[in-house]
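Okay, structure first, notes after.
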Amino acid sequence: MKKIQMVDLNGQYQAIKEQVNASLSTILETSAFINGPDVKAFQLELENYLGVKHVIPCANGTDALQIAMMGLGLKPGDEVITADFTFAATVEVIALLNLTPVLVDVYPDTFNIDIAAVEKAITPKTKAIVPVHLFGQCADMDALMELAEKYNLYVIEDNAQAIGANYTFKDGSKQKAGTMGHVGSTSFFPSKNLGCYGDGGAIFTNDDDLAHILRGMVNHGMYERYHHDVIGVNSRLDSIQAAVLRAKLPHLDSYCAARRDAARKYNKAFAGQEHIITPKTVNGCEGICDSCDCHVFHQYTLKVTNGKRDALVQHFSEKGIPCGVYYPIPLHKQKAYADDRYNEADFRITNQLVKEVISLPMHTELDDEQINFITTTLIEFVNG
Ligand SMILES: *Cc1c(COP(=O)(O)O)cnc(C)c1O
């Protein structure tokens with residue numbers, strides 16, 4: 001059996017090697033390292049793929065979120081609601097901008113932000129909601145956009161984990177993750193579903209005025225050379241990363257399909273297991289149907305409900321099976337973000353999830369022998 005990897009970047013590289021190497025060699029020969037033609041071309045190609053009017057490339061997914069919030073003109077003291085169960089970048093940028101993070105609980109089955117908890121947290125100071133489409137599946141955007149309308153709030157989608165996923169609205173219309181709110185952000189960190197060979201990110205919006213503001217903000221607030229109209233940052237996607245992303249984007253849908261195939265095999269192997277709860281797909285797709293396009297499985301995260309999660313992580317490491325615990329500590333318990341405002345009773349689900357979740361190897365190159373070894377090892381241990 002091939003050694004099992006948590007992510008397999010080399011397998012993907014081998015399949016697109018000729019194109020990537022040729023593009024990189026052109027960039028090296030022409031020295032168009034910053035703002036070269038590949039950056040603009042990638043921007044247009046991604047706008048086309050996502051069906052969004054504007055893509056603003058930038059240096060990473062954390063910057064993308066921060067610049068999105070700057071572009072919306074959020075002011076110190078404004079409250080921004082986001083999930084307690086996510087990667088720290090989401091709350092970090094809220095705090096960095098001196099906005100007030102308001103963390104709320106998530107759903108136990110999809111791990112996405114709890115709509116009732118969001119509504120309960122809204123105050124006259126609330127200005128924005130940041131849903132994170134966690135592990136590759138969209139939060140309940142129907143409900144979030146309704147709340148946003150009702151309370152006059154911005155919705156900023158943190159789409160670092162769900163690029164390529166679709167969301168089907170109640171009226172049957174479909175939109176790509178990251179393009180439904182007022183603004184969306186993503187990350188091209190190598191292990192993300194659309195990853196480059198370093199750092200990269202992008203902001204999405206359908207709003208022409210906001211897009212204009214954002215394009216200047218990523219470049220020192222400059223709209224005309226050496227005229228700085230607003231305080232910006234230096235956040236660029238470089239040409240080498242753009243060239244890698246151009247080679248990968250045409251394969252994104254097939255990468256997502258390969259991930260879903262692996263997820264289906266995991267689900268099948270764990271069916272009927274008392275102490276193993278597999279991830280739930282929603283949004284018109286109960287189970288991962290054959291035509292599923294709603295979950296892109298950035299992570300395949302299940303719950304071990306009989307208290308053996310930590311021991312399983314140890315057992316996996318002895319067996320040479322990589323795994324991850326995303327996330328082991330709720331954000332409201334992190335030193336940097338703990339606050340007297342929070343009440344433990346409001347984080348019942350997140351407090352439980354951090355003890356039960358485990359993410360299994362997930363990438364486009366997993367074979368049946370590996371999946372079989374992972375699932376049988378897991379089932380035997382959990383029931384042993
Ligand atoms: C990866 C990630 C980010 C940050 O992306 P970087 O490119 O690493 O800055 C933000 N939010 C979520 C949910 C992520 O998974």
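First listed ligand is number 1; within each ligand, the first listed atom is number 1.
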For the side chain of N159 and the backbone of A177, is there at least one donor-acceptor N/O pair under 3.5 Å apart?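 Judged by distance alone, yes, a pair lies under 3.5 Å.
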Does an N or O anywhere in T86 fall below 3.5 Å from an N or O of ligand 1?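 No, T86 has no N/O under 3.5 Å of an N/O on ligand 1.
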Does F87, backbone or side chain, put an N or O under 3.5 Å from an N or O of ligand 1?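 No, F87 has no N/O under 3.5 Å of an N/O on ligand 1.
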If the condition is side-chain hydrogen bond (donor to acceptor under 3.5 Å, both in side chains), which residues does K174 pass it with, not counting sequence neighbours?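 For K174 the side-chain hydrogen bond (donor to acceptor under 3.5 Å, both in side chains) partners, ignoring immediate neighbours, are D293.
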Pair N351, E344: side-chain N/O donor-acceptor within cut-off below 3.5 Å: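 Yes.
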No-hydrogen, no-angle side-chain donor-acceptor test under 3.5 Å, D105 and T350: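 Checked: D105/T350 side chains pair up, N/O donor to acceptor below 3.5 Å.
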Could you check whether atom OH of Y154 has more than 12 heavy atoms from other residues, nucleotides or ligands sitting under 6.0 Å from it?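 Atom OH in Y154 is not packed in, count stays at 12 or less.
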In the protein, what heavy atom is nearest to [atom], and what distance, to one decimal place, separates them?
atom	answer
atom 8 (O) of ligand 1	S187 OG, 4.1 Å
atom 9 (O) of ligand 1	T62 OG1, 2.5 Å
atom 13 (C) of ligand 1	D158 OD2, 3.4 Å

Within ligand 1, which atoms have a heavy atom of V132 less than 4.0 Å away?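 Counting from 1, the qualifying ligand atoms are 13 (C).
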Out of all atoms in ligand 1, which are within 4.0 Å of some heavy atom of N60? Include the element for each.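 Going through ligand 1 atom by atom, the ones under 4.0 Å from N60 are 7 (O), 9 (O).
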Under 4.5 Å side-chain linkage, directly or through intermediates, the cluster mates of L331: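 Answer for L331: V91, L103, Y337, Y342, F347.
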Is K192 close enough to touch ligand 1? Criterion: a residue heavy atom under 4.0 Å from a ligand atom.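 True for this residue.
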